Protein chains: 2
Amino acid sequence: MNNLVSIKSATLSEDLAQQLSNAIVKGEIAQGSKISEPELAKQYGVSRGPLREAIVKLEGLGLVTRTANIGARVIQLNTQDMLDTFSMREALEGMAARLAASSMARHEIEGLYALLDKHQAYLDDNQDEHYVQQGGNDDFHLRIIHASGNTKLIRLLTEELYAVIRMYRRHTADQRSDPRQALREHRAILDAIANHEGDLAELLMRRHISRASHLLKQAMEHTALASQ
Amino acid sequence: MNNLVSIKSATLSEDLAQQLSNAIVKGEIAQGSKISEPELAKQYGVSRGPLREAIVKLEGLGLVTRTANIGARVIQLNTQDMLDTFSMREALEGMAARLAASSMARHEIEGLYALLDKHQAYLDDNQDEHYVQQGGNDDFHLRIIHASGNTKLIRLLTEELYAVIRMYRRHTADQRSDPRQALREHRAILDAIANHEGDLAELLMRRHISRASHLLKQAMEHTALASQ
DNA sequence: ACTAACAATATTGTCGACAATTGCACTTGA
DNA sequence: TCAAGTGCAATTGTCGACAATATTGTTAGT
């Protein structure tokens with residue numbers, strides 16, 4: 001009874017937080033379900049101490065909500081929270097694009113153009129099937145965020161908010177969106193950054209995210225995912 | 001040996017996180033100092049279990065940094081981090097002002113005008129001495145944030161980022177700023193909101209925060225506070 | 001005198017057990 | 001039959017002790 005895939009970090013608590021985060025994002029732990037400490041502890045073969053620390057971390061990531069003396073519960077995705085989250089993304093990633101426009105190095109920009117070409121080639125070869133962004137270095141948005149150079153912004157977007165955002169991406173019919181349109185928008189944003197047009201880069205990024213938000217909303221309402 | 005002022009929340013861990021957060025913001029626990037678990041546990045009269053959970057929370061709030069097998073350390077304020085933080089604030093509170101402009105109720109707006117009048121009267125009576133914003137309901141920014149109606153944004157700004165922001169406010173010569181100028185800017189922002197001019201409200205809020213950032217930067221460089 | 005290896009000490013990480021609180025099932029009364 | 005009250009079971013919160021790691025101090029060798 002050992003689900004530990006052993007990512008083998010320095011501490012059990014960190015490992016657990018990572019594993020649990022992934023399990024929640026993937027849906028292996030159902031939305032809205034209660035987190036049973038004894039059960040999970042047995043399942044992962046650890047004591048409740050580090051498990052509780054991991055749960056506190058998850059609460060900070062917004063993946064679970066905790067109530068004193070009652071316990072933790074996995075969040076339940078719903079349209080309103082998604083819209084709220086994406087409004088924040090709009091503001092934050094807009095700022096990231098603005099900053100990137102004024103500080104991004106030439107070779108970084110080249111690298112991003114190469115990435116977009118790669119995405120383009122993928123779409124051409126796979127009849128517009130959605131490119132699976134496994135959260136790695138192939139994610140255009142992550143690259144822009146890192147290029148901002150703002151460490152606080154990077155931490156917030158890539159560590160604290162990213163899990164929830166991935167959850168929305170994954171659990172909704174993201175396929176509804178038009179990948180070619182998204183790619184065009186990415187290219188326009190990158191052009192603005194390459195030209196050091198911060199205002200324009202911010203504007204385009206905000207529109208891009210706003211549009212994704214609208215699409216997600218429609219998808220959620222159709223799939224009745226957010227129906228509680 | 002009991003420093004517990006007993007805010008008496010439901011759980012020790014919550015109390016501790018609150019107490020430690022305040023102690024760090026006030027400077028009672030020095031910047032850059034190491035957090036000794038045995039020492040703090042004895043000081044507050046609790047065991048290390050809930051204390052560690054509190055420290056994990058503080059890490060989420062960005063008040064301490066933790067390293068595996070070594071321990072936690074209080075953050076060290078410095079100019080670059082302040083600028084990064086305020087860039088985020090600029091984006092987020094700008095969005096909050098925009099949202100407030102489209103959703104704030106009439107009576108809420110009236111209440112905010114009354115608050116600004118109160119601030120004005122205070123300045124008149126106390127030869128421009130800085131109004132002490134104890135983080136309560138008298139804080140203009142907090143009111144705008146809450147008026148945005150975006151629960152995610154509210155949580156992020158008032159729970160996760162607020163401690164660090166208060167820390168910068170407190171530990172720098174905030175008095176350098178011109179309170180009457182700030183008040184004028186507040187009023188302009190509120191006017192824009194009252195007129196439902198979202199674009200303008202966002203622009204003004206961003207300028208307002210950007211200006212505060214510049215002032216803080218100068219103050220920090222002069223007080224040599226950020227010289228580690 | 002300085003460096004390197006080693007021993008001793010202190011601190012962090014983890015565990016199992018106990019206390020406090022909650023939730024549930026059952027009983028009792030109208 | 002339903003409502004309220006009571007007692008039991010399960011879960012969360014807290015504690016003290018042990019294991020693992022890091023730090024300090026000491027000794028030996030060059």
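Note that the coordinates shown come from a computational prediction; the quantities given were computed from them, not determined experimentally. Lettering follows sequence order; numbering is per chain, from 1.
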Inter-axis angle, terminal five-pair segments of the helix from C:dA1-D:dT30 to C:dA30-D:dT1 [nearest 10°]: 0°

B:Leu61 side, atom CG; B:Ile55 side, atom CD1 - distance, nearest 0.5 Å: 12.5 Å

Euclidean distance, B:Leu51 CG relative to B:Glu37 CD, rounded to 0.5 Å: 6.0 Å

Identify all side-chain donor-acceptor contacts of residues 90-103 of chain A below 3.5 Å with residues at least two apart in sequence or on another chain.
from: A:Glu90; atom 1: OE2; to: A:Arg206; atom 2: NE; distance (Å): 3.4
from: A:Glu93; atom 1: OE1; to: A:His141; atom 2: ND1; distance (Å): 2.7
from: A:Glu93; atom 1: OE2; to: A:Arg89; atom 2: NE; distance (Å): 2.8
from: A:Glu93; atom 1: OE2; to: A:Arg89; atom 2: NH2; distance (Å): 3.0
from: A:Arg98; atom 1: NE; to: A:Glu202; atom 2: OE1; distance (Å): 2.5
from: A:Arg98; atom 1: NH1; to: A:Asp199; atom 2: OD1; distance (Å): 3.0
from: A:Arg98; atom 1: NH2; to: A:Asp199; atom 2: OD1; distance (Å): 2.9
from: A:Arg98; atom 1: NH2; to: A:Glu202; atom 2: OE1; distance (Å): 2.6
from: A:Ser102; atom 1: OG; to: A:Leu99; atom 2: O; distance (Å): 3.0
from: A:Ser103; atom 1: OG; to: A:Leu99; atom 2: O; distance (Å): 3.1
from: A:Ser103; atom 1: OG; to: A:Ala147; atom 2: O; distance (Å): 3.4

Centroid separation B:His119 to B:His186 less than 6.0 Å: no

Exercise: do B:Asp15 and B:Gln19 side chains pair donor with acceptor under 3.5 Å: no

Nucleic acid footprint by protein, nucleotides 12-24 of chain D - heavy-atom cut-off 4.0 Å, B for base, S for sugar-phosphate alone: BBBB-----SSS-

Pair B:Arg166 + B:Asp139: basic N to acidic O under 4.0 Å: no

Greater than 12 external heavy atoms within 6.0 Å of B:Lys26's NZ: no

